[in-house]
Amino acid sequence: MWGGRTGALLRVWGLWPAGVRGRRPLGCNAASLAGNNSPQCWNCGGPGVPKRGDGFFCPQCRALQPPDLTRDYFSLMDCNRAFGVDTAKLQNRYQQLQRLVHPDFFSQRSQTEKDFSEKHATLVNDAYKTLLAPLSRGLYLLKLHGVEIPEGTDYAMDQQFLMEIMEINEKLAEAQSEAAMKEVESIVRDDFEKAKEILTKMRYFSNVEEKIKLKKIPL
């Protein structure tokens, strides 16, 4: 369906078919120990936050709970699982979560909560950086579909495409004027727009694929 330069672009973008007391918790999925399905709070033993609930804190004792490492970045950052992301909304969500779980707010809390805060903060930072950049976002979408492109590999890129990338790099290295830089930038932007168009199409094909899977389920 997609060949040559378009197919190469598609492969590059990774979609080739194959906690502080008194603070009000944000509406987001709850944390839980990875691999532990128990909803009990580690601190008070009471019914803590469900694995897919509405907060990071125990509703009884207000203790910060461990992060849910099975939760994907789109869910954590309250974004639709798609290539098109509202970056302003993403930034707002990031700031909200930082105010909620940043380690600075837990300096006077228990060591356990300090450790959980560090893990939450790391997870939030990783999610934010991954979804903010189009390339890492596209590769992460691919990963969620069970396909990963090893870093530093060509992943069967066609020779024509690789030659074009080499030529772009050579032009960039030789660029000595603003006009030359703009020329290279124009080429890259054009490829970005083509990749964006391909990813948009892939979202629809993905929806069709899900419908096919549902139809295969016996009634």
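Computed from a predicted model, the values in this text were never measured in an experiment.
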(request) Would you mind reporting whether V85 and F74 have side-chain heavy atoms less than 4.5 Å apart? (result)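 With C-beta onward as the side chain, the pair touches.
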(message) Can you confirm if the NZ or CZ of R99 lies within 45° of the ring axis of F105 and under 6.0 Å from the centre of its six-membered ring?
(response)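 No.
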Might you point out which heavy atoms bring [X] and [Y] nearest each other, and give the distance in Å?
| X | Y | answer |
| --- | --- | --- |
| H120 | P67 | CE1-CA, 3.4 Å |
| P134 | F83 | O-CE1, 3.3 Å |
| A121 | V101 | N-CG2, 4.3 Å |
| R81 | L141 | CG-CD2, 3.8 Å |
| S136 | K129 | OG-O, 3.6 Å |
| V184 | L172 | CG2-N, 4.0 Å |

(request) Answer yes or no: are there more than 12 heavy-atom neighbours, outside E178 itself, under 6.0 Å from its atom CD? (result)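 12 or below, so no.
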(message) Quick check on N80: does its CG atom have over 12 non-hydrogen neighbours (other residues, nucleotides or ligands) under 6.0 Å away?
(response)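 No - once you tally the heavy atoms of other residues, nucleotides and ligands closer than 6.0 Å, there are 12 at most.
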(message) For N92 and Q96, which I'm curious about, is there any donor-acceptor pair between the side chains at under 3.5 Å?
(response)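 Their side chains do not contain a donor-acceptor pair, so the 3.5 Å distance test is not met.
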(request) For K114, enumerate each residue passing the salt bridge (charged side-chain N to carboxylate O under 4.0 Å, His left out) test, keeping only those at least two apart in sequence or located in another chain. (result)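 Applying salt bridge (charged side-chain N to carboxylate O under 4.0 Å, His left out) to K114 gives none.
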